[in-house]
Amino acid sequence: MLADEDGSKAKVSLVIRTEEPTAIQHRQGEDAMDIFASALATTFAIEPASVADPSTDITVRDVVVSPPTTLPANWHLQADAVWRAALYLAEHPPDVKGKAVLELGAASGLPGLVLAKQACPSTVVLTDYPDPCIMENLQRNVDRNQLGNTVKVVGHAWGDSESLDHLLTGPHQDGYDVILGSDILWLTDQHDNLCLTLARTLKRSADASIHLLAGYHTARVTIKRFLGVAEKQGFMVKSLVQESVGEDRRRGWQETEFEDEVESRQWLTSLVLVWYVMFPIDRFNQNCSTACGFRNPSVFTSD
């Protein structure tokens with residue numbers, strides 16, 4: 001986890017930009033369930049799923065971002081927020097020193113930008129659906145943090161072969177060492193396309209890894225479905241655990257839903273995938289446990 005020099009956790013600040021529509025005005029684009037969920041959070045202290053909307057700047061470790069708006073046709077992408085999973089990923093990064101990093105479904109680009117500024121990767125490529133509003137905002141966030149020498153913005157619809165070719169050029173022709181994604185699993189109809197992108201872009205190396213965070217609204221059955229699709233592309237689970245929001249607690253992942261909404265909002269699902277073919281068969285047979293019928297050696301790790 002990123003920490004200040006005195007060992008304390010990174011501070012997060014939110015700033016409402018008064019020259020933009022206020023949060024209340026922004027609700028014209030929300031549906032009734034969004035507003036109801038927000039009211040519940042205010043009334044009953046339920047953890048919100050997102051921590052910033054397009055009217056808000058968010059600052060983490062000296063990186064300042066604003067969420068994008070989207071064209072009306074793309075509202076279903078839910079890109080116009082900084083989701084709690086993205087915040088957690090920015091505060092608890094994998095080791096990316098000297099590595100090439102690809103972020104999928106970046107939205108504001110917060111995790112990738114924090115890593116670019118604080119974790120010394122060789123390069124960071126931020127991608128999201130090629131909505132012009134998302135792309136323009138991503139580039140603004142790169143520019144305002146003066147990270148243009150390290151970070152590149154590329155529009156990419158998962159599974160699209162043409163934009164995949166753009167991602168796999170120059171120093172990235174062999175793929176990326178680390179792929180990041182926060183709250184990108186909930187679109188079940190895109191699991192096949194997402195896994196195609198992962199399979200094309202992850203470097204064929206035993207050290208290459210995919211790090212995904214999912215919030216409470218990504219049901220366990222959805223995660224189970226994604227794992228099944230990922231397995232067909234040659235991936236295996238290195239780690240699958242739940243991380244507590246705002247606390248240093250971890251627990252093993254369970255396939256079935258068992259808590260109420262208040263409890264479920266306290267947890268994020270953390271998933272690390274690697275190439276299955278990079279692990280010797282005898283090692284796999286000795287250490288393998290299964291969850292959801294998915295081959296993996298450490299699904300229930302909680303330490």
Student check: side-chain heavy atoms of [X] and [Y] closer than 4.5 Å:
X    : Y    : result
W275 : S205 : no
L180 : L115 : yes
S66  : N137 : yes
V125 : L167 : yes
V274 : F235 : no
V64  : I58  : no
E243 : L89  : no

If only atom types and distance count, is the side chain of [X] paired as donor or acceptor with the main-chain N or O of [Y] below 3.5 Å?
X    : Y    : value
N145 : N141 : yes
D183 : A214 : no
H172 : L168 : no
E231 : M236 : no
T150 : L147 : no

Smallest separation among heavy atoms of [X] and [Y], with atom names:
X    : Y    : value
G215 : A85  : N-CB, 4.3 Å
A208 : Y176 : CB-O, 4.2 Å
S122 : A100 : OG-N, 3.3 Å
P68  : A107 : CD-C, 4.0 Å
A116 : V124 : CB-CG2, 3.9 Å
M135 : P130 : CG-CA, 4.2 Å

Identify, with sequence neighbours excluded, every residue that meets side-chain hydrogen bond (donor to acceptor under 3.5 Å, both in side chains) alongside [X].
X    : value
D177 : K203
E136 : none
S209 : H211
D207 : none

Exercise. Given the rule in the side chain to side chain contact (heavy atoms under 4.5 Å, CB included) test, do Q118 and V96 qualify, once you have shown the distances and angles that lead to the verdict?
Worked result: CA-CA 10 Å; Q118 303 290 342; V96 300; over 6 Å; no
Exercise. Among all residues two or more places apart in sequence or in another chain, which pass the salt bridge (Lys or Arg N to Asp or Glu O under 4.0 Å) test with D95?
Worked result: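 With sequence neighbours excluded, D95 shows a salt bridge (Lys or Arg N to Asp or Glu O under 4.0 Å) to no residue whatsoever.
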Exercise. Partners of R200 by salt bridge (Lys or Arg N to Asp or Glu O under 4.0 Å), sequence neighbours excluded?
Worked result: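 For R200, the residues satisfying salt bridge (Lys or Arg N to Asp or Glu O under 4.0 Å) (neighbours in sequence not counted) are D165.
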Output the distance between atom [atom1] ([X]) and atom [atom2] ([Y]), rounded to the nearest 0.5 Å.
X    : Y    : atom1 : atom2 : answer
T127 : I179 : OG1   : CD1   : 9.0 Å
L273 : L271 : CG    : CG    : 4.5 Å
L227 : R225 : CG    : CZ    : 11.5 Å
L126 : L113 : CG    : CG    : 5.0 Å
R250 : S270 : CZ    : OG    : 6.5 Å
E162 : H166 : CD    : NE2   : 5.0 Å

Problem set entry | Residue list, side chain to side chain contact (heavy atoms under 4.5 Å, CB included) with S244, at least two apart or on another chain |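 Listed in chain order: E247, R249, W267.
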Exercise. Who pairs with T222 by side chain to side chain contact (heavy atoms under 4.5 Å, CB included), at least two apart in sequence or on another chain?
Worked result: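 Applying side chain to side chain contact (heavy atoms under 4.5 Å, CB included) to T222 gives T188, H191, T218, A219.
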Out of curiosity, does [Y] fall in the hydrophobic cluster containing [X] (side-chain heavy atoms, cut-off under 4.5 Å, transitive links)?
X    : Y    : value
L164 : L102 : yes
V272 : I184 : no
L213 : V245 : yes

Exercise. Tell me the salt bridge (charged side-chain N to carboxylate O under 4.0 Å, His left out) pairs involving residues 112-132, sequence neighbours left out?
Worked result: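 Qualifying pairs: none.
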For this session: Would you please name every residue forming a ring-ring contact (aromatic ring centres under 6.0 Å, His included) with Y129, sequence neighbours left out?
Result: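 Y129 satisfies ring-ring contact (aromatic ring centres under 6.0 Å, His included) with no other residue.
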Problem set entry | L202 and V178: CA distance, side-chain angles, deciding distance, side chain to side chain contact (heavy atoms under 4.5 Å, CB included) verdict | CA-CA 7 Å; L202 185 66; V178 176; over 6 Å; no
For this session: Write out all pairs satisfying side-chain hydrogen bond (donor to acceptor under 3.5 Å, both in side chains) with one or both partners inside residues 98-110, taking only residues at least two apart or from two chains.
Result: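 Not a single pair qualifies under side-chain hydrogen bond (donor to acceptor under 3.5 Å, both in side chains).
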For residues 151-161, which side-chain donor-acceptor pairs fall under 3.5 Å, sequence neighbours excluded?
| unit_1 | atom_1 | unit_2 | atom_2 | d |
| --- | --- | --- | --- | --- |
| H156 | ND1 | S163 | OG | 2.6 |
| H156 | NE2 | T197 | OG1 | 2.8 |
| D160 | OD2 | S163 | N | 2.9 |
| D160 | OD2 | S163 | OG | 2.9 |

